[in-house]
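Presented below is the structure to which this report refers.
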Amino acid sequence: MPQQQFSHARGVLARRCTAVVQARWFAVTVFSLILANAALLGAETYSGIVAGWQHWLRLAEHVCLVAFTLEIVLRLAAHADRPGAFFKDPWNLFDLAVVLCAFLPVVRENTTVLRLLRLARVLRTARFLPQLRIVLMAVVRSLPGTLSFLLVGALLLYVYAMVGWVFFGSHDPEHYGSIGRAVLTLFLLMTLDGIGDAVHGGLDISRWSLLYYGSYVLLASFVLVNVLIGVVITSLDEAREMDGAAPAEPRPHAERTEPGPHADRTEPRPYADRTERTALAHRIEEARRALDALERELVRTPPPPVDGTRRRIPTAQRRD
């Protein structure tokens with residue numbers, strides 16, 4: 001009996017806190033607090049404002065910390081009847097880590113770490129902006145492809161830097177005197193900044209420099225950049241599919257009831273996905289076609305005689 005009362009109390013708490021957390025005013029309030037925290041963090045970069053308003057800035061920071069702590073407590077209470085669902089959401093874990101780190105003594109004593117932690121709160125705006133959340137997911141998913149792109153780009157830079165050092169090192173030591181200078185020069189040329197001066201300077205040394213710079217610009221500025229754009233676009237499409245296919249959390253106040261004896265069993269399932277519905281529609285269409293074919297066969301086939309004697313069928317009807 002006490003366990004049932006405790007479970008009922010947790011359900012009531014979860015329903016009330018969920019109603020608050022899912023309310024529009026709650027999301028608007030938290031979003032406004034995040035923007036206010038970002039504004040306060042930017043205001044602290046001005047020495048004049050800090051000197052005159054240091055006490056009020058510190059008080060506003062404490063108010064924001066209390067508000068964020070209250071928010072995370074309400075979100076935890078909204079999952080009182082299903083605590084595991086809270087920790088399955090990566091954004092909940094991120095919010096919890098940002099709030100809890102602010103209470104650690106090591107973090108509070110280090111001003112730099114505390115400011116970086118307050119800066120991390122700005123990223124929480126992605127929770128309230130779906131498009132920003134999709135972009136962040138795309139950036140995370142594009143990291144493996146981006147690392148491969150950086151490896152290919154570094155290899156390309158190294159090869160062309162060594163070739164540039166061999167051919168232009170003695171004639172242009174300022175830009176190709178060492179492998180480091182050659183890599184820096186080619187990295188700046190990747191953005192096509194100063195490519196005209198580099199080509200004209202190379203033509204004074206050798207006409208083959210035109211082939212060197214032309215092939216480098218073609219590979220570095222066009223091929224590699226297009227590959228990177230393709231990786232990012234693919235990751236963006238995958239992030240949109242993941243965000244669209246993410247299952248909605250079950251509402252704690254929705255009680256599951258068994259259908260009664262007179263309930264309509266043909267009602268479509270609310271949680272059936274689009275693929276299952278399409279397959280079901282095709283099966284229904286095939287069943288309708290089969291029933292139509294059977295009905296046509298029944299119409300063509302004459303009924304058997306009642307007295308058991310064989311009835312002669314006219315030739316024209318047989319051909320039909």
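Owing to the predicted nature of the structure, the values given are computational and were not obtained by experimental measurement.
- Considering W165, F167, F168 in turn, F168 is the only one that fulfils the ring pair (Phe, Tyr, Trp, His ring centres under 6.0 Å) rule with Y212.
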Q: Could you please spell out the steps behind the side-chain contact (heavy atoms from CB on, under 4.5 Å) verdict for L203 and S209?
A: CA-CA 6 Å; L203 289 176; S209 62; 4.1 Å; yes

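- The closest donor-acceptor contact from the side chain of N37 to the backbone of L33 lies at 3.5 Å or more, if one exists at all.
- Under the 3.5 Å distance criterion, the side-chain polar atoms of R181 are matched with a main-chain donor or acceptor of P173.
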Q: Dump the intermediate steps for side-chain contact (heavy atoms from CB on, under 4.5 Å) on F103 and L65, then the final yes or no.
A: CA-CA 9 Å; F103 292 96; L65 181 59; 4.2 Å; yes

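- With a 4.5 Å cut-off on side-chain heavy atoms, L189 and L186 count as touching.
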Q) Step by step, would you call R15 with L13 a side-chain contact (heavy atoms from CB on, under 4.5 Å)? A) CA-CA 5 Å; R15 287 194 296 269; L13 178 63; over 6 Å; no

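- Side-chain contact check for F87 versus H79: every heavy-atom pair is 4.5 Å or farther apart.
- Here L188 contributes atom CG and H175 contributes atom NE2; the two are 9.0 Å apart, rounded to the nearest 0.5 Å.
- A heavy-atom distance below 4.5 Å is not found between the side chains of L219 and L224.
- Looking at T185 and Y176, their side chains come closer than 4.5 Å, going by heavy atoms from C-beta outward.
- Across I34, L35, V28, a single residue satisfies side-chain contact (heavy atoms from CB on, under 4.5 Å) together with S32, and that is V28.
- Between V63 and F68, every side-chain heavy-atom pair lies at or beyond the 4.5 Å cut-off.
- Using modelled atom types and a 3.5 Å distance limit, the side chains of H200 and D197 yield no donor-acceptor pair.
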Q) So I49 and E44, side-chain contact (heavy atoms from CB on, under 4.5 Å) or not? Walk me through it. A) CA-CA 7 Å; I49 296 179; E44 291 181 0; over 6 Å; no

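- The side-chain heavy atoms of V152 and L156, taken from C-beta on, include no pair separated by under 4.5 Å.
- A distance-only check finds a donor-acceptor pair linking the side chain of T45 to the backbone of G42 [under 3.5 Å].
- Considering CG of L96 and CG of D89, their distance stands at 11.5 Å, rounded to 0.5 Å.
- Listed for the D81 side chain is no donor-acceptor partner under 3.5 Å among the backbone atoms of R10.
- If you chain together hydrophobic residues whose side chains sit under 4.5 Å apart, L59 and L57 fall into the same group.
- Y160 places none of its side-chain heavy atoms less than 4.5 Å from the side chain of V183.
- No side-chain heavy atom of Y213 sits less than 4.5 Å from a side-chain heavy atom of L218.
- Here the rule is side-chain contact (heavy atoms from CB on, under 4.5 Å) with E71, and of T29, V30, V99 only V30 fits it.
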